[in-house]
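Structure, as structure tokens:
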There are 2 protein chains.
Amino acid sequence: MNPFDVPHPTHEANAAGQVCDRCGSRVAGLCQPLDAAALDEISSEANQMVLPAHSAVFREGDPAGRVFTLIDGVAKLTRLLPDGKQQVVGFRFAGDVIGYTTLKSYPFDAELLTDARLCRLDRPQLDGLLRRYPKLERRMLDLCVQELTATQEQLVTVGRRSAEARVAAFLISLVDASRRRGEPRQVLEMPMTRADIADFLGLTLETVSRSLTAFRKRGWIREPVHHRVELLNVPAITAMAEGTNDSF
Amino acid sequence: MNPFDVPHPTHEANAAGQVCDRCGSRVAGLCQPLDAAALDEISSEANQMVLPAHSAVFREGDPAGRVFTLIDGVAKLTRLLPDGKQQVVGFRFAGDVIGYTTLKSYPFDAELLTDARLCRLDRPQLDGLLRRYPKLERRMLDLCVQELTATQEQLVTVGRRSAEARVAAFLISLVDASRRRGEPRQVLEMPMTRADIADFLGLTLETVSRSLTAFRKRGWIREPVHHRVELLNVPAITAMAEGTNDSF
DNA sequence: GCGGGACGTCGAAGGGGTTCAAGGCGATCT
DNA sequence: AGATCGCCTTGAACCCCTTCGACGTCCCGC
């Protein structure tokens with residue numbers, strides 16, 4: 001797969017280097033295009049940190065002085081309205097970058113849904129790296145464009161789809177995210193609660209619950225245990241997401 | 001009205017520095033950080049074009065071989081659902097970049113709401129420029145992050161705000177966009193139809209019409225002529241957008 | 001074991017926005 | 001001027017999703 005996944009003898013002593021070997025960012029994320037030397041420099045400047053589920057990586061309004069890469073685990077990014085309502089603007093998985101912004105303060109909360117390991121860089125350090133490694137800056141731009149496209153797609157979902165179509169689209173996006181990370185599993189991790197999903201889709205948690213129950217009764221999905229889904233009928237779910245399904 | 005208006009719709013010019021001098025991109029857009037020399041090189045590679053209102057710059061699915069900067073005019077970016085429903089993912093104004101993506105084909109339609117002048121670059125040319133001018137690539141990244149933040153904000157609007165709050169938020173975003181371009185006018189250009197606004201906000205055109213009528217009756221706005229609004233009570237509109245307004 | 005809290009499910013009622021329908025207004029063309 | 005068309009407005013009925021309430025389940029701490 002990735003030629004750099006082989007442990008290099010000169011870096012074996014470097015604890016940080018070993019971390020990079022297993023980082024999700026190597027497969028699909030920021031560090032994908034980097035060679036061993038660049039990787040080594042980055043890992044020497046980055047700090048790894050471990051945070052428990054439900055902790056905040058940062059809060060909306062905090063000074064945006066750090067950038068994170070999710071090594072493993074799942075995070076949700078949320079914006080709060082003055083009246084207390086919440087909107088999840090996105091979920092982030094292994095390898096995704098969190099908190100890169102040109103603004104002075106973060107425009108959203110970043111909360112962990114699972115225990116997670118993160119790779120932390122201070123903005124000045126990252127800016128230096130971006131200057132020294134044009135490939136890195138290019139990669140950052142690519143990731144940003146991808147994220148923008150995904151957010152626009154989400155806008156379509158929230159703005160124009162019915163409740164069940166939104167939930168279906170969410171499930172499909174889970175499959176896509178899993179595939180992008182190279183984990184084509186039958187059973188997907190889904191650490192988010194009904195409320196999280198509802199806040200992502202612009203629905204209430206009851207509506208999400210009812211939709212998932214409906215899918216289950218139709219034999220489209222199974223939830224073997226809490227926080228895990230199996231999609232039994234991807235075509236039907238896809239059709240529902242696209243509004244092509246007239247039978248329901 | 002428009003000095004470049006000619007009988008033929010796809011007229012192309014190649015005037016160098018003079019064109020850039022008046023381009024919106026110098027004030028707030030991509031070319032803002034460039035010096036005269038770089039600007040000269042870009043303008044020699046770029047083609048200016050003039051397109052009439054309601055024409056398409058490109059269509060969703062077209063091979064993404066070109067990138068455009070809007071010199072003046074307004075464009076809407078839309079995604080189409082299989083069932084024919086439409087979602088406007090954003091409006092673009094003078095100086096904004098349109099059509100930069102890493103995908104093979106454009107993920108949305110770009111349609112002009114007004115007559116417009118555009119600056120066109122082929123992707124290979126742009127990639128070359130980005131490589132030669134790191135400032136340009138950096139600027140592109142910054143613009144992308146800004147756009148992402150704006151789209152996330154829009155997600156909050158569509159996902160969690162009431163109909164009138166959405167329309168209010170839209171009006172405020174118009175003011176912001178106008179200010180960003182350095183045009184702090186009392187009366188704003190609003191070339192989009194009720195249907196355009198509705199497709200942007202995830203509403204029907206009837207609901208948009210009713211909301212605007214309500215604002216007018218409350219003395220918050222005036223529409224002196226077609227496609228032009230004056231905000232008479234920005235605080236009230238802002239409060240409505242934020243859901244802080246209990247009196248309605 | 002038992003209590004408590006977080007999370008999920010389900011039913012009934014209500015409402016905000018949609019849908020459907022009709023008409024008005026201004027611009028353009030003949 | 002009259003006709004046509006696109007856009008906007010307004011009314012009335014409907015409906016999908018929300019709201020509210022109740023209950024079930026699982027898990028964890030005591």
Side-chain angles (χ1 to χ4, degrees), chain A residues 52-54 76 81 83-87 111 113-114 157-170 190-218 221-229 240 243 245 248, chain B residues 1 52-54 76 81 83-87 111 113-114 157-170 190-218 221-229 240 243 245-246 248:
Chain A
H54 309 116
K76 68 169 177 184
L81 280 155
D83 60 6
K85 280 183 283 191
Q86 217 178 23
Q87 176 72 34
E111 264 176 47
L113 300 181
T114 65
T157 297
V158 172
R160 283 285 170 243
R161 292 194 227 256
S162 70
E164 288 197 359
R166 292 185 211 190
V167 176
F170 165 71
M190 190 173 70
M192 41 293 268
T193 65
R194 305 300 195 224
D196 292 332
I197 301 171
D199 286 341
F200 184 51
L201 298 175
L203 297 169
T204 60
L205 65 93
E206 290 93 334
T207 304
V208 172
S209 180
R210 280 186 252 268
S211 298
L212 288 173
T213 301
F215 292 177
R216 208 181 310 121
K217 285 185 178 164
R218 289 171 208 159
I221 62 169
R222 259 177 15 108
E223 293 187 274
V225 294
H226 198 49
H227 286 168
R228 207 161 289 185
V229 250
M240 173 57 76
N245 202 329
F248 294 100
Chain B
M1 215 180 164
H54 309 116
K76 68 169 177 182
L81 279 155
D83 60 6
K85 279 183 284 190
Q86 219 179 21
Q87 175 72 34
E111 263 176 48
L113 300 181
T114 65
T157 297
V158 172
R160 284 285 170 242
R161 291 195 228 255
S162 69
E164 288 197 359
R166 293 185 211 189
V167 176
F170 166 72
M190 190 173 70
M192 42 292 271
T193 66
R194 305 302 195 224
D196 291 332
I197 301 171
D199 285 342
F200 184 51
L201 298 174
L203 297 169
T204 60
L205 67 91
E206 291 93 334
T207 303
V208 172
S209 179
R210 279 186 255 267
S211 298
L212 288 173
T213 301
F215 292 177
R216 207 181 310 121
K217 285 185 177 163
R218 289 172 207 158
I221 63 169
R222 258 175 20 105
E223 293 187 275
V225 294
H226 198 49
H227 287 168
R228 207 160 290 185
V229 250
M240 173 57 75
N245 202 330
D246 292 340
F248 294 99

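Labels below follow one simple rule: chain letters A, B, ... track the order of the sequence lines, proteins then strands, and each chain is numbered from 1. Everything numeric in this text was worked out from a predicted model, so none of it was measured.
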Point to revise | Minimum heavy-atom distance B:Glu164-B:Ala214, with the two atoms named | key: OE2-CB, 3.7 Å

Practice item. Locate the shortest heavy-atom distance separating B:Asp83 from A:Gly243; write the atom from each residue and the value. Key: CB-O, 4.5 Å

Practice item. Would you give the length of the straight line joining atom CE of B:Met190 to atom NE2 of B:His226, rounded to the nearest 0.5 angstrom? Key: 9.0 Å

Exercise for review: Give the first and the last nucleotide of DNA chain D, reading 5' to 3', that has any atom under 4.0 Å from a heavy atom of chain B.
Suggested key: D:dC7 to D:dA12

Check your understanding: To the nearest 10 degrees, what angle separates the axes at the start and end of the helix from C:dG1-D:dC30 to C:dT30-D:dA1, five pairs each?
Key -> 30°

Review point. Do you know the tightest heavy-atom contact between A:Met240 and A:Ala165?
Key: O-CB, 3.3 Å

Contacts under 3.5 Å, N or O only, protein and nucleotides 24-27 of chain C:
none

Point to revise | Minimum heavy-atom distance between B:Pro191 and B:Leu113, given as atom pair plus value | key: CB-CB, 4.2 Å

**Study point:** Where A:Val167 and A:Leu212 come nearest, the two heavy atoms and their spacing
**Key:** CG1-CD2, 3.7 Å

Point to revise | Any residue meeting side-chain contact (heavy atoms from CB on, under 4.5 Å) with B:Thr213, in chain and number order, not counting sequence neighbours | key: B:Ser209, B:Arg216, B:Lys217

Practice item. If a protein heavy atom is under 4.0 Å from the base, mark B; if only from the sugar-phosphate, S; if neither, -; do that for nucleotides 8-19 of chain C going 5' to 3'. Key: SBBBB----SBB

Using distance only, find each side-chain donor-acceptor pair of residues 193-205 of chain A under 3.5 Å and give its atom names and separation, not counting sequence neighbours.
unit_1: A:Thr193; atom_1: OG1; unit_2: A:Ala195; atom_2: N; d: 3.4
unit_1: A:Thr193; atom_1: OG1; unit_2: A:Asp196; atom_2: N; d: 3.1
unit_1: A:Thr193; atom_1: OG1; unit_2: A:Asp196; atom_2: OD2; d: 3.3
unit_1: A:Arg194; atom_1: NH1; unit_2: A:Glu223; atom_2: OE2; d: 3.4
unit_1: A:Arg194; atom_1: NH2; unit_2: A:Glu223; atom_2: OE1; d: 3.0
unit_1: A:Arg194; atom_1: NH2; unit_2: A:Glu223; atom_2: OE2; d: 3.4
unit_1: A:Asp196; atom_1: OD1; unit_2: A:Lys76; atom_2: NZ; d: 2.7
unit_1: A:Asp196; atom_1: OD2; unit_2: A:Thr193; atom_2: N; d: 3.0
unit_1: A:Asp199; atom_1: OD1; unit_2: B:Arg160; atom_2: NH2; d: 3.0
unit_1: A:Thr204; atom_1: OG1; unit_2: A:Thr207; atom_2: N; d: 3.4
unit_1: A:Thr204; atom_1: OG1; unit_2: A:Thr207; atom_2: OG1; d: 3.0

Practice item. Identify the heavy atoms of B:Leu81 and A:Arg161 that sit nearest to each other, and give their distance. Key: CD2-NH1, 3.1 Å

